[in-house]
Amino acid sequence: MKMGSDGRLYAINPEAGIFGVAPGTSTDSNPNAMMTISKNSIFTNVALTQDKNVWWEGMTPTPPAPLTSWLGTPGLPI
């Protein structure tokens with residue numbers, strides 16, 4: 001990712017970099033994946049937690065509350 005001279009943020013196509021689908025991925029199921037995405041990552045179709053982290057199905061045994069869906073609406077679905 002880089003900031004352009006026009007002030008906009010530009011990023012590579014994720015299909016040309018590392019791309020993954022995370023449902024069910026957690027620190028219990030795949031700690032290496034969770035460490036890999038701890039920074040320099042772009043997330044889509046995930047929920048936003050109150051403390052501005054991401055959450056997806058299976059990341060924790062129960063969803064944290066409150067959540068904002070990727071559509072910007074309160075709660076699930078993600």
Side-chain angles (χ1 to χ4, degrees):
M1 295 187 350
K2 76 176 207 180
M3 188 65 71
S5 60
D6 59 1
R8 294 173 57 194
L9 181 65
Y10 291 87
I12 63 164
N13 177 346
E15 302 271 341
I18 298 172
F19 180 79
V21 179
T25 302
S26 68
T27 53
D28 291 333
S29 68
N30 194 339
N32 289 328
M34 296 299 284
M35 285 187 290
T36 300
I37 62 171
S38 67
K39 60 183 178 179
N40 300 322
S41 298
I42 298 172
F43 296 92
T44 60
N45 297 24
V46 297
L48 187 65
T49 64
Q50 187 174 17
D51 59 354
K52 305 293 186 221
N53 283 316
V54 296
W55 184 87
W56 55 79
E57 293 175 280
M59 187 176 190
T60 58
T62 56
L67 287 173
T68 302
S69 80
W70 64 276
L71 296 170
T73 57
L76 299 174
I78 59 168

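Sequence positions, counted from 1, serve as the residue numbers for this chain. Everything numeric in this text was worked out from a predicted model, so none of it was measured.
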Applying the side chain to side chain contact (heavy atoms under 4.5 Å, CB included) criterion to T25, which one of M59, M34, E57 satisfies it? M34
Kindly write out the residues that satisfy side-chain contact (heavy atoms from CB on, under 4.5 Å) with S26, not counting sequence neighbours, or none if the list is empty. D28, S29
Closest heavy-atom contact between G7 and M3? O-SD, 3.1 Å
Should V46 and W70 count as side-chain neighbours, where that means a heavy-atom distance under 4.5 Å? no
State which residues pass side-chain contact (heavy atoms from CB on, under 4.5 Å) with P64; sequence neighbours excluded, sorted by chain then number. T49, W55, T60, L67
Between CG on residue N45 and CG on residue L71, distance to nearest 0.5 Å: 8.0 Å
Sequence neighbours excluded, which residues qualify as side chain to side chain donor-acceptor pair (under 3.5 Å) partners of N53? D51
Taking side-chain contact (heavy atoms from CB on, under 4.5 Å) as the definition, give me every residue that meets it alongside N40, ordered by chain and number, with sequence neighbours left out. none
Just by distance, do the side chain of T36 and the backbone of N32 share a donor-acceptor pair under 3.5 Å? yes
I37 to W56 - nearest heavy-atom pair and separation: CD1-CH2, 3.4 Å
